[in-house]
Student: 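Pasting a structure below so you can have a look.
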Amino acid sequence: PPTTTRQSLYAIGSGGLLGVGLGQSRQKYLYLPSPRTTYLRHRLRRAGHGGGLVIIVLFALLIWRGVYISIHAKDKFGMLLGLGITFQVGLQAVLNICVVTNTIPNTGISLPFFSYGGTALLMLLGEMGILLNISRSSNIEKT
């Protein structure tokens, strides 16, 4: 595999269950061309497999809640828009996780809310605002 992918796999394998600690990742020293813009897994190595699992669970909860909100939308447009946003964020996360674990070839897709770059983050925050607006006007009973 390419060098960056190989280093990502080394980071996953050497992180252990609890990680190596904040700032202790060795993959950032002369092994990566630009550690701040490459795979998130190099940075998550500090958190270990537990930290990676927490992020996967959080994405699963985000997807589940997005589908729940969309299904209970007031109209068909809100439902389809909410499902589209949820599907896009979920697919982007799944593709990034597959690239980092070398399941699929490198596609250059970023991990939502985590990867370096401001434009993608602004677009995702706008999408989450739309999803929250769908939730506010939905048929979900408020308690």
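The structure displayed is predicted, hence computed values, not measured ones. Numbering of residues begins at 1 and proceeds along the displayed sequence. Side chains included, hydrogens not; waters and symmetry mates left out as well; all remaining heavy atoms used.
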Student: Rounded to the nearest 0.5 Å, what separates atom CG in L81 from atom CD1 in I130?
Tutor: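 Answer for the CG-CD1 pair, L81 versus I130, is 5.5 Å.
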Student: At what distance, to the nearest 0.5 angstrom, does CD1 of I134 lie from OG of S138?
Tutor: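 Going from the CD1 atom of I134 to the OG atom of S138 covers 9.0 Å.
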Student: Establish whether I85 and L62 are linked, either directly or via other cluster members, by ILVMFWY side-chain heavy-atom contacts under 4.5 Å.
Tutor: yes
Student: Show me, pair by pair, the donor-acceptor contacts under 3.5 angstrom made by side chains of residues 86-95, not counting sequence neighbours?
Tutor:
from : atom 1 : to   : atom 2 : distance (Å)
T86  : OG1    : G82  : O      : 2.8
Q88  : NE2    : Q92  : OE1    : 2.8
Q92  : NE2    : S110 : O      : 3.1
Q92  : NE2    : S110 : OG     : 3.1

Student: Nearest 0.5 Å, what's the OG1-CD1 distance between T103 and I97?
Tutor: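 CD1 of I97 is found 10.0 Å from OG1 of T103.
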Student: Taking C-beta and beyond as the side chain, do P105 and V99 meet within less than 4.5 Å on heavy atoms?
Tutor: no
Student: How far apart are the closest heavy atoms of N96 and I109, and which atoms are they?
Tutor: ND2-O, 2.9 Å
Student: Considering only distance and modelled atom types, tabulate donor-acceptor pairs under 3.5 Å from the side chains of residues 71-79, sequence neighbours left out.
Tutor:
from : atom 1 : to  : atom 2 : distance (Å)
H72  : ND1    : Y68 : O      : 2.9
D75  : OD1    : G78 : N      : 3.1

Student: Side-chain donor-acceptor contacts of residues 118-126 below 3.5 Å, not counting sequence neighbours, with atom names and distances?
Tutor:
none

Student: Is there a side-chain contact (heavy atoms from CB on, under 4.5 Å) between S70 and L131? Walk through the geometry before answering.
Tutor: CA-CA 8 Å; S70 300; L131 199 58; 4.2 Å; yes
Student: With sequence neighbours excluded, tell me which residues meet side chain to side chain contact (heavy atoms under 4.5 Å, CB included) with L58.
Tutor: V54
